[in-house]
Protein chains: 2
Amino acid sequence: MTAKRPKAPRGTSHPDTPADSGSSLDGRKIPAAVIKRLSLYARALQELERQQAEKVSSSELSRLLGFTSAQVRKDLAYFGQFGVPGFGYPVGDLRRNLRRILGTDRELQVALVGVGHLGTALLSYGGFTRQGFRIVCAFDKEVSAPRIGAAGIPVYHIDELEKRLAEHAIGFAILTVSSEAAQAVANRLIAAGISAILNFVPVRLQTPEHVKIHYVDLALEMESLSFYTR
Amino acid sequence: MTAKRPKAPRGTSHPDTPADSGSSLDGRKIPAAVIKRLSLYARALQELERQQAEKVSSSELSRLLGFTSAQVRKDLAYFGQFGVPGFGYPVGDLRRNLRRILGTDRELQVALVGVGHLGTALLSYGGFTRQGFRIVCAFDKEVSAPRIGAAGIPVYHIDELEKRLAEHAIGFAILTVSSEAAQAVANRLIAAGISAILNFVPVRLQTPEHVKIHYVDLALEMESLSFYTR
DNA sequence: GGAAGTCTGTGAAAACCTTCACGGGAGCGG
DNA sequence: CCGCTCCCGTGAAGGTTTTCACAGACTTCC
Ligand SMILES: NC(=O)c1ccc[n+]([C@@H]2O[C@H](COP(=O)([O-])OP(=O)(O)OC[C@H]3O[C@@H](n4cnc5c(N)ncnc54)[C@H](O)[C@@H]3O)[C@@H](O)[C@H]2O)c1
Ligand SMILES: NC(=O)c1ccc[n+]([C@@H]2O[C@H](COP(=O)([O-])OP(=O)(O)OC[C@H]3O[C@@H](n4cnc5c(N)ncnc54)[C@H](O)[C@@H]3O)[C@@H](O)[C@H]2O)c1
């Protein structure tokens, strides 16, 4: 008899690809949504600190950001006891703690790949530095010799990628190349030891588990808005 | 006796501000996350159609995007029965349906306010048009006379906002002004009848319920990545 | 035309996330 | 130092989203 051609990996069940969400820290599991809110708390505290506020209650914070007060308390409680009953949270203290938790208490070195329209706009944005990120250098394939780009950031030819990443101990990349180049560039970044990528290219990247990717997908946001207003 | 000063609206319970998610359509409630995935399905189908694929199964789609096949089926089932058992989903057909559901089967007219670094990059981006959006005109306060900006899009002084929005029947805005101006500009947009805003400014906007706002918050994404790689 | 195999749609279960509600600790005023 | 009030931390409840698992519908191939 002829052997049937094996169509697929076989097996009765197909576990598909699970959608991870959340990471564990210290034993407990932290929902991904909590981390995003942590950033918002940190930013609100920055503003409060600027206003010389000494304390803030969970309900004040929640009103400022549009959450419930219970959520604020629960989110913060994942990471320790920062509040004082009958008083609230000490602003400066909590802010310092959040920055430590998020890892933004130290300046993070970032590389940007793809100095086109969007890449250039990002290079000239001062807001990142304010939040503890520094774009140290940028790369493009259309650069014959190193040059100084927007905001005084050096732009190198993509061939120098590996060398420069190592030189500056960069662990973090922003990806704004064209769609066709995205996967190839991502591969090189990962091979060079990058551990996180903020990807503006509307392409789902294939990456090993240990590399964290966040997508910023503008067309998706627009379509989503479109749905809600039809 | 002296009357105590009324400290707060009173009441023993404080219902805080609830966090909405999802909207109702046709009676059922659609999770917000489903809508985002719908956009991704639509884009994947666009690519499949380009490759002349005639059909696609939920498991193929799920593999392409990194979800589970059950999720794909459930998401699509919110809106009707598009699949054929033993066959899969007809690519062209499903794509047309998704575009209709998302409202991207017609071209949507969009205005952009704040033609700075980021605004200019967005103006010169062709990808929106491909997805069914057209940035019709842009506004800035630093424009003395109407001029033609990137990609041939006219840039007007902000004073002309109301007039031009009405002229082009624009219902949709992208906000890339400076932080200080964001709330004021949003107010004007809303007063002018805009129903959705894609906001790049890291400021929580106060808006009436019927206006849908999506935030693109790059610093937040960076901080979030930072947490996961500490 | 029939049998084997594929793949959808969907209840039910599980996982996950948010809100409720309250005990009790901390400040504060007297 | 005491009592009163405020507000945190947290188990439990409630709600939402994802995954499982399967009946049945459709295709395909002989
Ligand atoms: N511009 C926008 O507003 C916008 C909006 C949403 C998404 N995006 C996405 O961001 C990406 C960039 O958009 P853009 O408008 O800046 O495009 P762009 O064409 O202006 O810039 C792309 C840059 O990447 C460089 N590049 C291409 N291949 C490379 C490689 N292998 N190595 C190094 N550099 C390489 C090009 O030389 C170019 O400078 C695109 O994927 C686009 O889909 C852009
Ligand atoms: N550039 C980036 O990469 C980036 C990244 C993340 C967030 N953002 C945010 O996007 C916004 C814009 O950033 P940018 O770098 O393009 O800044 P920018 O200063 O280059 O541009 C802001 C533009 O808005 C215009 N403007 C200010 N007030 C206005 C008003 N009342 N009416 C009309 N126009 C007005 C200014 O004239 C200027 O052209 C900022 O809020 C920033 O926080 C920018």
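These numbers come from the heavy atoms of this one structure, side chains and all, not from hydrogens, waters or symmetry mates. Since this is a predicted model, take the numbers as computed values, not measurements.
- Separating the CG atom of A:Leu76 from the P atom of D:dC7 is a distance of 16 Å, rounded to the nearest angstrom.
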The contact string for nucleotides 25-30 of chain C, one letter per nucleotide 5' to 3', using protein heavy atoms under 4.0 Å with B, S and - for base, sugar-phosphate only and none, comes out as BSS---

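- Proximity of A:Phe67 to A:Leu40: side-chain heavy atoms (C-beta onward) are separated by under 4.5 Å at one or more points.
- In this structure, CD of B:Gln71 is placed 15 Å from P of C:dT8, rounded to the nearest angstrom.
- For B:Arg73, the side-chain atoms get nearest to D:dA21 when compared with the rest of C:dA21, C:dC16, D:dA21.
- Taking atom CG of residue B:Asp75 and atom C1' of nucleotide D:dT16, one finds them 14 Å apart after rounding to whole Å.
- For the residue pair B:His214 and A:Glu221, a side-chain donor N or O sits within less than 3.5 Å of a side-chain acceptor on the partner.
- Minimum atom distance to the side chain of A:Ala33 is reached by C:dT18, of the listed D:dT17, C:dT18, D:dT10.
- If you take CZ of A:Phe82 and C1' of D:dC7, they are 17 Å apart, rounded to a whole angstrom.
- With C:dC17, D:dT18, D:dC20 as the choices, the nucleotide that has an atom nearest any side-chain atom of B:Arg37 turns out to be D:dT18.
- The environment of B:Glu54 atom CD is sparse: at most 12 non-hydrogen atoms of other residues, nucleotides or ligands sit within 6.0 angstrom.
- Note on A:Tyr89: a side-chain N or O is less than 4.0 Å away from OP1 or OP2 of D:dG9.
- When the shell of 6.0 Å around CD of A:Gln51 is examined, it contains more than 12 heavy atoms from other residues, nucleotides or ligands.
- For the pair B:Gln81 and D:dA25, the criterion of a side-chain N or O lying under 4.0 Å from OP1 or OP2 is not met.
- Listed by first and then second residue, the salt bridge (Lys or Arg N to Asp or Glu O under 4.0 Å) pairs involving residues 79-104 of chain B are B:Glu49-B:Arg95, B:Asp93-B:Arg96 (not counting sequence neighbours).
- Residue A:Lys74 has its side chain nearest to D:dG11 when only D:dG11, D:dC22, D:dT19 are considered.
- Between B:Leu220 and A:Arg43 there is a side-chain heavy-atom pair separated by less than 4.5 Å.
- Rounded to an integer number of Å, the gap from A:Lys29 NZ to C:dT18 P is 12 Å.
- Spacing between atom NZ of A:Lys36 and atom C1' of C:dC17 amounts to 16 Å, rounded to whole angstrom units.
- For D:dT19, one of the phosphate oxygens OP1 or OP2 lies less than 4.0 angstrom from a side-chain nitrogen or oxygen of B:Thr68.
- Closest to the side chain of B:Ser58, from the set C:dT8, D:dT18, D:dC7, is C:dT8.
- With respect to B:Arg63 and B:Glu60, no salt bridge is recorded, no charged nitrogen being found less than 4.0 Å from a carboxylate O.
- The nearest whole Å value for the distance from the OH atom in A:Tyr78 to the C1' atom in D:dG11 is 13 Å.
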